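Please read the structure below before turning to the comments.
It should be emphasised that the depicted structure is a prediction, and the values quoted were computed from it without experimental measurement.
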Amino acid sequence: VARPVRLSAQDAKSKLATLRAWTIQEGKLQREFLFENFVQAFSFMTGAALVAESMNHHPEWSNVYNRVAVKLSTHDAGGLTDLDFEFASRISRLAP
Ligand code: H2B
């Protein structure tokens with residue numbers, strides 16, 4: 001598999017416009033998902049984990065009760081790549 005190419009800040013910014021509710025902070029694509037309860041939050045994480053495995057692209061994330069905070073970057077490329085935006089788009093579809 002070809003190594004992903006790090007996006008320029010300009011390209012990352014225009015890609016960000018295709019996503020709702022995500023921001024770029026500290027060089028990472030970030031979003032907080034809010035659910036009704038822990039079971040819904042953890043179900044989302046289970047689905048997202050399967051997406052991560054299928055893409056071989058894994059999130060930095062944390063969960064407290066009904067919140068899941070997600071931070072994405074591509075360590076192999078030292079920044080944001082198309083993989084981060086693709087993963088963000090896919091897991092956004094798993095949330096209400
Ligand atoms: N996930 C993320 N977010 N960034 C990476 O660069 C990355 C990854 N690299 N998952 C993959 C795994 C790599 O370390 C393995 C060896 O394929």
Contact summary for [X] and [Y], nearest pair of heavy atoms:
{"X": "Ala41", "Y": "Asn63", "result": "CB-ND2, 4.0 Å"}
{"X": "Arg31", "Y": "Ser92", "result": "NH1-OG, 3.4 Å"}
{"X": "Leu80", "Y": "Ala12", "result": "CD1-CB, 4.2 Å"}

Checklist line | Partners passing ring-ring contact (aromatic ring centres under 6.0 Å, His included) against Phe44 (at least two apart in sequence or in another chain) | finding: Phe33, Phe35
Next item on the list: With sequence neighbours left out, write down each residue that passes salt bridge (charged side-chain N to carboxylate O under 4.0 Å, His left out) with Lys15, or none if nothing qualifies.
Entry: Asp82
Checklist line | By salt bridge (charged side-chain N to carboxylate O under 4.0 Å, His left out) - contacts of Arg67 (at least two apart) | finding: Glu32
Donor-acceptor list for residues 4-11 side chains, cut-off 3.5 Å, not counting sequence neighbours:
unit_1, atom_1, unit_2, atom_2, d
Arg6, NE, Gly78, O, 2.8
Arg6, NH2, Gly78, O, 3.2
Ser8, OG, Asp11, N, 3.0
Ser8, OG, Asp11, OD2, 3.4

Margin query: Holding to side-chain contact (heavy atoms from CB on, under 4.5 Å), I want the full list of residues that pass it with Ala88, two or more places apart in sequence or in another chain.
Written below: Leu19, Trp22, Leu29, Leu72
Notebook entry, point to check: Under the side-chain contact (heavy atoms from CB on, under 4.5 Å) test, which residues partner Asn37, sequence neighbours left out?
Noted result: Val39, Gln40, Tyr65
Item checked: Inter- and intrachain pairs under salt bridge (Lys or Arg N to Asp or Glu O under 4.0 Å), touching residues 43-54, at least two apart -> none
Checklist line | Selection residues 36-49 - residue pairs positive for salt bridge (Lys or Arg N to Asp or Glu O under 4.0 Å), sequence neighbours left out | finding: none
With sequence neighbours excluded, what pairs up with [X] under the side chain to side chain donor-acceptor pair (under 3.5 Å) test?
{"X": "Gln25", "answer": "Thr23"}
{"X": "Lys71", "answer": "none"}
{"X": "Trp61", "answer": "none"}
{"X": "Arg93", "answer": "Ser89"}

Note to self: Is there a path of hydrophobic side-chain contacts, each under 4.5 Å between heavy atoms of I/L/V/M/F/W/Y residues, joining Phe38 to Met45?
What the structure shows: yes
Check: Do you reckon Leu50 sits in the same ILVMFWY cluster as Leu83, going by side-chain contacts under 4.5 Å, direct or chained?
Finding: no
Given side chains that start at C-beta, do those of [X] and [Y] come closer than 4.5 Å, heavy atoms only?
{"X": "Phe87", "Y": "Val51", "result": "yes"}
{"X": "His57", "Y": "Thr74", "result": "yes"}
{"X": "Arg90", "Y": "Met55", "result": "yes"}
{"X": "Arg3", "Y": "Thr81", "result": "no"}

Notebook entry, point to check: Got a second to check how far Asp84's CG is from Ile24's CD1, nearest 0.5 Å?
Noted result: 9.5 Å
